[in-house]
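Down below is the structure, laid out as structure tokens.
Throughout, a chain's letter reflects where its sequence line sits, starting with A, and its residues are numbered from 1. Note: hydrogens, waters and symmetry copies are ignored here, and every other heavy atom, side chains too, is used.
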Amino acid sequence: MTVNSRDEFRAELRAWLEENCPQEMRDGGMTEDSICWGGKNWVFTSEAQKLWLERCAAKGYTVPTWPVEYGGAGLTREQEKVFHEEMEAINARSPLQSFGIWMLGPALLHFGSHAQKLHYLPPIARGEIRWCQGYSEPGAGSDLANVQTKGEDKGDHWLVNGQKIWTSYADRADWIFALVRTDKDAPKHKGISFLLCDMEQEGVETRPIKMISGISPFCETFFTDAKIPKEQIVGTENRGWDVAKYLLTHEREMISGGGAGLSGGGRALGAVIADTVEEMDVTLRADAMRCEIDALAIGLTLERYKDQSEAGQGAGDASAMLKYMGTELNKQRHELMMSAGGSDALEWDGPLGNRAGDWLRTKANSIEGGTSEVMLSIVSRRVLGLPA
Amino acid sequence: MTVNSRDEFRAELRAWLEENCPQEMRDGGMTEDSICWGGKNWVFTSEAQKLWLERCAAKGYTVPTWPVEYGGAGLTREQEKVFHEEMEAINARSPLQSFGIWMLGPALLHFGSHAQKLHYLPPIARGEIRWCQGYSEPGAGSDLANVQTKGEDKGDHWLVNGQKIWTSYADRADWIFALVRTDKDAPKHKGISFLLCDMEQEGVETRPIKMISGISPFCETFFTDAKIPKEQIVGTENRGWDVAKYLLTHEREMISGGGAGLSGGGRALGAVIADTVEEMDVTLRADAMRCEIDALAIGLTLERYKDQSEAGQGAGDASAMLKYMGTELNKQRHELMMSAGGSDALEWDGPLGNRAGDWLRTKANSIEGGTSEVMLSIVSRRVLGLPA
Amino acid sequence: MSEEETMLADMARGFLDGAAPVSKFRQMRDAGETFDRALWKEMADMGWAGVLVPEDAGGSDMGFAAANIIAREMGKTLAVSPFLSSAVIAATALKHVSDTRARDALAKIAAGDMTYALAVDEGVKFDPEGTAMEAKADGNGFRLNGKKQFVVDGALADRLLVLARTENGLTLFDIPADRAGIERNASNMIDARDVARINFDNVEATGGDVLGAVDNAMDVLKPALQAGQAALAAEMSGLSAGAFGMTVEYLKERKQFGIEIGRFQALQHRAAHLWCEIEVTASAILNAGRKLDDDPENAGLAVSLAKARATDTAKLAVIEGVQMHGGIGMTDAFDMGFYMKRARVGAEWLGDYSYHAEKVAAARGF
Amino acid sequence: MSEEETMLADMARGFLDGAAPVSKFRQMRDAGETFDRALWKEMADMGWAGVLVPEDAGGSDMGFAAANIIAREMGKTLAVSPFLSSAVIAATALKHVSDTRARDALAKIAAGDMTYALAVDEGVKFDPEGTAMEAKADGNGFRLNGKKQFVVDGALADRLLVLARTENGLTLFDIPADRAGIERNASNMIDARDVARINFDNVEATGGDVLGAVDNAMDVLKPALQAGQAALAAEMSGLSAGAFGMTVEYLKERKQFGIEIGRFQALQHRAAHLWCEIEVTASAILNAGRKLDDDPENAGLAVSLAKARATDTAKLAVIEGVQMHGGIGMTDAFDMGFYMKRARVGAEWLGDYSYHAEKVAAARGF
């Protein structure tokens, strides 16, 4: 993109934002309850939130780089950067966040049929259908391909039985994308299919898991003779692991970005601390400086990998690095926030709000979407070529 | 020991020290060239150094806890503590340091025959014979039991051929204690003998290795048809690995103590830094505080293990912990000393003396006497009981 | 540890495993309870409430090293009791006053019949010297006005030790918690313990309510704080050992990719490193107890060393504990989270890592 | 990196592997040589000496990002040259002055015919603002008196850029190194490079020797320092990559206990972590180069970020490099020690980690 066309796009966008972004949506959206997740049962927290989503969806700005025919704005990588810069400039909230956008969307764009894309992507872009992820199973832990949930071939559908765990917000999701073993005799990675399933149908139940942070962002999800029509497979039968791996690299980048504290606002940790602490002690200050340096450098690394990759292709094996570095940093950041908060941070809903809950929540960052240990092993083997 | 007898011992010792410790020997002995290593070819740096060694040796104070008949003072653990306190109070140099005291001595006390003890220990205590250690071999690295140097049974002696590496100060030592494979058909750990060898005899040669610190504290040592009389074995034939392991735990504790900077003086790192740095920046100060805390706590741990163990028994497997923690701390301390020294520390023999050389020397601490990785594996398996 | 100390530790462990295991803490947490008076009475019967109370006042007078041993065992099972506030901090303060009233109070503490809480903090960090709360002279007595926060055991304690600023310094008041003008609000703590924010609105105090001398709180408070800091460090070292024990067991049992995760060398080395840290911290705790018993005037360095190390080690122990347990460690149904939350509260109480690191540095001449 | 940049890096690597491999550095070290004029001429012929010099002055004018790429490749093989001092720092300073003399100097730099050294430090730490050396007005000119240390390339450079204090600020002088009153003493550096301590005894300087304006050194010096800091960070990131490359190779080859040590998971994870750090640092370097090219006025944060990260990463890379190599890594016969020593010198030059961390914090509002 030439400088000229970039400047034109920026001017146009700026005018649109000025006219269309409601004032209430210009607060950075840093808190958990400012997020718009969408979905059939979504209750907008304000008229402004609804309006903002609708206006963005109409322009394709909920998924700016997706093709226009699938609900996106078809922006180039360069334009996308401008888009984020301008959004940040007016402190605009993200109009919509969802696992459909971060995870299923990229997988469908890569592996889905044209019909599937037309069917599933626009509702994601408009925030009409909320998705959740059915990968992990009880006891499987890091061994994600250890899928026991089985799908029996019944001609026009699979009959699915089994249990998933750590299904994020499954209790609020409309649909689930799940790994199901459709060939029990094949080698571990070769008998899995990637299926899409309506959660309202019979045979699908879900139960929230209470976490140490006091909230329940994860669920257990049970399949009991659930029927999944054959057309709801993404990619090839028994080759679902390829889809899963592809999606995982996107998930890692997403977690990494959130982890590095790079979404929304981007204020320096030290500056945030300085808001409430009169004078930082040497330990806190030294740690905050290191954290800030790491956050900036990790943020630049995310951008670098996005720049390097083809649109929508992700960072491949290096996503393991992004995920590892981003989440470990985020844990460290929240340790410092707790330290800065002192005894005020030790209460649930105390003077610092949910600071303790947020801190505890981050401890899952280095577990979900592949543990830090798995990430390091991926780097060791696939990037460095060290023997297994 | 009752408080009374402790106080009596203290008073007696204090008087003796006051009368016998030369003024020049009361400078703490913090520099490398203040150390008295002893040995046949030792050249005393001063008349005071000679006098101090002789006087201490006569009282058994070079090896205070060894039995009197072997050249020690037969002090109890409690008395030994008082001894060190009083030595430190007048800032007295250690009269003698040697591998004979730290390593061979304890092994002989445990495994040696009465005749061997009478023969070898007193000359060590008097600083007449300097010993070095022949364990490692080229290419063996951490796999110490991988001994290729072989000793052929020739009736009254072994004919020894092979090569040792990392033999500390072998070029200045009079005798070497070495691991030699005396049964090549036995399992790795069951065919090794622990032999004592005069380095002046035919067939033993040594060559210093230049290190990154510019000095050569280590050597390669070559055995070519060297004859070692049968009576120069410690412990049982082919069971030398038991002696070696026992000795290693003492070596580890010794390295740990040196590593933690606990020998000599005991000034705080931060205070030393503050001598030359006007105002410590936050990073340096935060790191120096953590280092100081760790140094004090590791020092207390060394004392605690000494208190717990029977006299001369050492800390067993926990010596791996002491070695690991002490040496890693020492590396960290020297990193901070370099940082504090700034560009003055970057010259060989610059305004800060050998600071850079000392720093580089510490990098071997976590390798010699068993790497940090080996120490952690020992803790993992033998202390925690994790599966191999 | 001496043989006697080992016996005390074994006895304490035996009692706590039965009477106050982690499951007991879970019950209390679920029920919103922060004090089990019957359990405290049992502890008193064993001599724990009077661990620092002279024998002639009904105590067991076992000393600070023993108090640390008990606190450490309590840390392992997350036992809830007013041990630190009453038996350690208040008892030490009261022992430094030689009047009859203090003696009576000590007897009641030892019997488990009276509990105390220490009200020092006013901001988010421990800073006794920075106390702003005012105790204004009023006739023969004082009027207390101000706010305290992070008062551990403060919502349910019978009496409060309150630090306030008087004309020429700081003064420590020993007053009943239900005195007029005192308003206590329980904080909803992440570790589910009793902590309060307390408002003092023109609270009356007499000269007899002063513990020690007016304007000289530190004569009494300093030893009490040091005793509390050491015992808290001991509790945190026990907490670290408890969390670590669970973790090592899990490493031995849990299989991933077909083998026990304890066979993965990266985890082995991290577990081994953590054990080393725990061992080294244990030495600092032991030393602090000895020093408080043998040379209390000069125990400051030993105490701060113990608290700083204990804070750091506990943080590592719970972070590794959660991470090595994976998802299960993040669930409320599993106990590891309790250790993590308690470690965080312990980190802040009576001075955080940085506070004590500065004390160490000062004592070591930099 | 762009395709052009990748090509430049490949070309540089090819040249350096042939003309300045680590073995070449070893030869120079053993011979006590710190400058290879012939090699520098070759580099000049490739456009490296003039990488920042305008084309009409004979330079290749490739820009800062390109300079960083060259510096990074030099770091990998520990190539010795006055690239940073002359081609980056001095050239940037001279470019900010638009007189004929500066233009001629740039041409000579580009041709490899004239080398520069920057004399700023007076104490053990980088602190330009704290410069005490005096340049006292004397007639139409100045008299320089004082001492400089850690003058990189200072013993052999043809000219010196000297920072000194004038009546109302700091002034940068550009003078020949052999001017009367200048006494240069080569320092015996651990990285075996050319560094000097320099005494200035009543050294005469004319108004024409002033680079930029009197009392306003920073107008010229600040961009030069930033360019130097970024390129040094790039060199250190190359150094990290070089040391890491050796280490990974060793992990694959070296056997212990019968298997390649690269199979030990603890080492795998540490190596993987180090790679992650190196990758993240590479982003900061790349960004600093871009920012210096595109928006030099606001490049301070990007440059300090790069230097701080590069310092930290290089330290980790060489420590792990030595440790993972075991005893062999500690011997002078092996190259790893060279990387460790160079990393230490690079850590201090032009501001250490802490200096740049403070700059980052200031730029980020705390």
Residue [X] versus chain C: region with a heavy atom under 4.5 Å:
{"X": "Met280(B)", "result": "side chain"}
{"X": "Met325(B)", "result": "side chain"}
{"X": "Ala320(B)", "result": "neither"}
{"X": "Val383(B)", "result": "side chain"}
{"X": "Arg381(B)", "result": "side chain"}
{"X": "Ala297(B)", "result": "both"}

TODO: Determine the interplanar angle of the His325(C) and Phe334(C) rings, folded into 0 to 90°, and report it as parallel if under 30°, tilted if 30 to 60°, perpendicular if over 60°.
DONE: tilted

At a heavy-atom separation under 4.5 Å, does [X] approach chain B through its side chain, its backbone, both, or neither?
{"X": "Leu267(C)", "result": "neither"}
{"X": "Glu358(C)", "result": "both"}
{"X": "Val280(C)", "result": "both"}
{"X": "Ile259(C)", "result": "neither"}

Open item on the list: I'd like to verify something: which residue of Gln265(C), Arg270(C), Glu260(C), His273(C) has the highest number of heavy-atom pairs under 4.5 Å with chain B?
Closed with: His273(C)

Hey, are [X] and [Y] close enough for a salt bridge, meaning a charged N less than 4.0 Å from a carboxylate O?
{"X": "Arg342(C)", "Y": "Glu235(C)", "result": "yes"}
{"X": "Glu348(C)", "Y": "Arg344(C)", "result": "yes"}
{"X": "Glu86(B)", "Y": "Arg10(B)", "result": "yes"}

Task: Donor + acceptor pair across side chains of Glu251(B), Trp102(B) (<3.5 Å) - done: no

Task: Test item: side-chain donor near acceptor, Glu373(B) and Ser142(B), under 3.5 Å - done: no

- [ ] Considering only heavy atoms and a distance below 4.5 Å, find which of Ala318(B), Ser372(B), Ser377(B), Ala288(B) pairs most often with chain C.
- [x] Ser377(B)

Open item on the list: So which residue, Arg285(B), Met321(B), Arg304(B), ends up with the most heavy-atom pairs under 4.5 Å with chain C?
Closed with: Arg304(B)

Open item on the list: Do Arg290(B) and Tyr353(C) form a cation-pi contact, if we require the NZ or CZ to be under 6.0 Å from the six-membered ring centre and within 45 degrees of the ring's axis?
Closed with: yes

Task: side-chain hydrogen bond (donor to acceptor under 3.5 Å, both in side chains) evaluation trace for Arg290(C) with Asn287(C) - done: CA-CA 5 Å; Arg290(C) 297 266 156 82; Asn287(C) 179 59; over 6 Å; no

Task: Result of checking Asp312(C), Thr313(C), Thr311(C) against Thr281(C) for side chain to side chain donor-acceptor pair (under 3.5 Å) - done: Thr313(C)

